[in-house]
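No hydrogens, no waters, no symmetry mates; every other heavy atom, side chains included, goes into these values. Naming convention: chains lettered A, B, ... in sequence-line order (proteins, then strands); numbering from 1 in each chain.
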Protein chains: 2
Amino acid sequence: MQSFTEENYLKTIYYLATRQEGEVTTNALAEMTATRAASVTDMLRKLADKQLIHYKKYQGVRLTEEGERLALQIIRRHRLWEVFLVEKLGFGWDEVHDIAEELEHVRSEELVTRLDTYLGYPQFDPHGDPIPTPAGQMPETGYRKLSEAGPGDSIRLMGVLEHSTEFLQHLDRCNLTLGCLVTIAEINAFDKSVLVQIESGRPVFVSHEVAKNLLVN
Amino acid sequence: MQSFTEENYLKTIYYLATRQEGEVTTNALAEMTATRAASVTDMLRKLADKQLIHYKKYQGVRLTEEGERLALQIIRRHRLWEVFLVEKLGFGWDEVHDIAEELEHVRSEELVTRLDTYLGYPQFDPHGDPIPTPAGQMPETGYRKLSEAGPGDSIRLMGVLEHSTEFLQHLDRCNLTLGCLVTIAEINAFDKSVLVQIESGRPVFVSHEVAKNLLVN
DNA sequence: CTAAAAATTTAGACTAGTCTAAATTTTTAT
DNA sequence: ATAAAAATTTAGACTAGTCTAAATTTTTAG
Ligand SMILES: [Mn+2]
Ligand SMILES: [Mn+2]
Ligand SMILES: [Mn+2]
Ligand SMILES: [Mn+2]
């Protein structure tokens with residue numbers, strides 16, 4: 001049985017491992033968890049003792065199979081709760097992350113199972129992130145970034161890489177909702193900003209910075 | 001902002017205060033929270049510092065107005081989540097208490113408000129306990145115990161005083177569900193056990209011990 | 001290859017919450 | 001009214017998780 005803190009470290013290690021090659025570093029973890037490197041080192045020794053990570057001093061860290069299973073379980077709970085908050089309680093997709101951060105730690109297998117059933121076995125959370133299976137597999141999506149699409153491409157907005165309230169509210173103001181079909185009208189040669197034509201809507205300017213955080217198929 | 005632990009102490013103090021006259025004692029708290037008296041004393045000093053309880057050494061303890069407000073807020077969350085678990089997720093009334101013990105600590109005003117709306121502003125939880133108002137008032141019910149009813153009385157089962165899984169499952173087996181109408185057929189003079197006639201059902205024997213834990217109107 | 005910089009770990013300390021054992025206060029029973 | 005019993009508090013210690021400052025190891029650059 002893990003503490004909240006241990007669960008958060010596992011989740012963070014998983015997250016960082018998917019974003020870069022090789023081992024996850026102490027400093028990266030310290031930054032993500034808003035603690036100091038010394039605190040991270042202490043926790044890494046504990047997680048290694050529990051066989052949840054592979055850890056050699058100064059060499060960074062990697063989840064064990066069991067560690068990854070637990071991390072995915074926590075991510076599954078987080079994303080299911082986000083679906084609940086948006087679909088059932090009517091929260092905006094920009095409001096649910098912090099609440100899900102708390103709900104994800106409620107420990108009851110039965111609760112997660114019933115919640116999943118109640119929600120109709122959703123495949124994706126409100127931000128387009130895939131929901132890990134009960135068995136602990138993270139579904140592959142094969143999405144690419146909007147910034148990698150070319151002029152004339154007709155694509156569907158499937159997810160976001162950035163989850164901050166500000167970013168999500170910005171998308172709301174641009175009428176860029178998940179699932180909407182857009183066509184790349186033009187890519188500015190100078191700043192790489194993208195002019196997209198939203199299906200049945202007005203054209204919208206998307207900065208390169210924003211385009212890099214939009215996932216499409 | 002209170003920790004989980006502080007919230008649990010406040011809730012326990014409230015609970016004990018409603019069950020007996022006068023101040024709540026250190027030992028009673030130690031027993032309820034499954035800790036030792038010394039630990040309780042430490043916490044009482046902390047809660048007193050935060051002005052959540054009135055506390056004089058050796059004299060027991062009483063919630064301040066602010067302390068009671070917080071306690072009722074936590075009880076409100078607990079009971080709303082229990083309603084959710086039973087009504088929406090299909091849990092049995094004997095399975096929800098422990099999960100609600102965790103959910104009650106998720107801190108978000110907005111979440112509670114929306115949950116309340118989503119559930120249709122329920123007045124009672126699955127055990128017949130009244131749900132405190134958003135403003136922090138505990139509704140009066142005026143129920144009495146089944147053990148206090150007389151022969152011939154026609155009454156409705158409105159709540160339970162005992163919340164253990166065993167007790168609730170026992171009631172399930174006797175077909176004693178909340179809201180059901182029963183008539184007292186006979187009270188045994190020797191052991192005070194009660195023979196009740198359930199509306200549209202077979203008569204059921206209820207021991208005095210059980211009758212003392214059933215609330216009726 | 002080596003010296004400086006960066007990253008990481010160790011040492012020692014602090015808080016919240018808990019414990020046991022000992023001391024103190026209150027209650028109870030002669 | 002007092003002595004014993006019960007309740008409560010204090011003293012001192014422990015764990016989880018955190019911190020700062022110092023020491024160590026690894027990486028980078030010349
Ligand atoms: Mn999230
Ligand atoms: Mn999400
Ligand atoms: Mn309960
Ligand atoms: Mn209840």
Sugar-phosphate only, base, or nothing, as touched by B:Thr41 at under 4.0 Å among non-hydrogen atoms: base

Nearest-Å distance for atom pair CG/P, residues A:Asn8 and D:dA16: 17 Å

Nucleic acid contacts of residues 12-37 of chain B, taken as heavy-atom distances under 4.0 Å to DNA chain D: B:Thr25, B:Thr26, B:Asn27, B:Ala37

Pairing pattern in dot-bracket form [Watson-Crick, G-U; both distances under 3.5 Å; | = partner strand] for DNA chain C: ||||||||||||||||||||||||||||||

Interatomic distance, A:Leu44 CG vs C:dT8 C1' [rounded to whole Å]: 10 Å

CG on B:Leu52 to CG on B:Leu44, rounded to 0.5 Å: 11.5 Å

Stacked cation flag B:Lys88 on B:Tyr118, 6.0 angstrom / 45 deg: yes

Within-4.5 Å side-chain heavy-atom neighbours: B:Val83 and B:Val86: no

Separation of B:Arg107 CZ from B:Gln2 CD (nearest 0.5 Å): 6.5 Å

Nearest-0.5 Å distance, CZ of residue B:Arg69 to CG of residue B:Leu10: 11.0 Å

Heavy-atom donor-acceptor pair, B:Thr64 side chain to B:Gln51 backbone, under 3.5 Å: yes

Nearest-Å distance for atom pair CE/P, residues B:Met43 and D:dT9: 14 Å

Phosphate-side-chain proximity, B:Ser39 and C:dC19, N/O vs OP1/OP2 below 4.0 Å: yes

Proximity to the side chain of A:Arg45 - top-ranked nucleotide from C:dT10, C:dA21, D:dT8: C:dT10

Sugar-phosphate only, base, or nothing, as touched by A:Phe4 at under 4.0 Å among non-hydrogen atoms: nothing

Any B:Tyr9 side-chain N or O less than 4.0 Å from OP1/OP2 of C:dA16: no

Any side-chain heavy-atom pair of B:Leu157 and B:Leu214 under 4.5 Å: yes

Donor-acceptor under 3.5 Å (B:Arg76 side chain, B:Ile131 main chain): no

B:Glu101 side, atom CD; B:Ile74 side, atom CD1 - distance, nearest 0.5 Å: 10.5 Å

Plane angle bin for B:His127 and B:Trp93 - parallel if under 30°, tilted between 30 and 60°, otherwise perpendicular: parallel

Protein proximity profile, nucleotides 23-29 of chain D - base contact B, sugar-phosphate-only contact S, no contact -, cut-off 4.0 Å on heavy atoms: -BSS---

Rounded interatomic separation in angstrom, taking CG from B:Asp49 and C1' from C:dT15: 14 Å

Stacked cation flag B:Arg45 on B:Tyr55, 6.0 angstrom / 45 deg: no

Distance, rounded to the nearest Å, where A:Asp42 contributes CG and C:dT8 contributes P: 15 Å

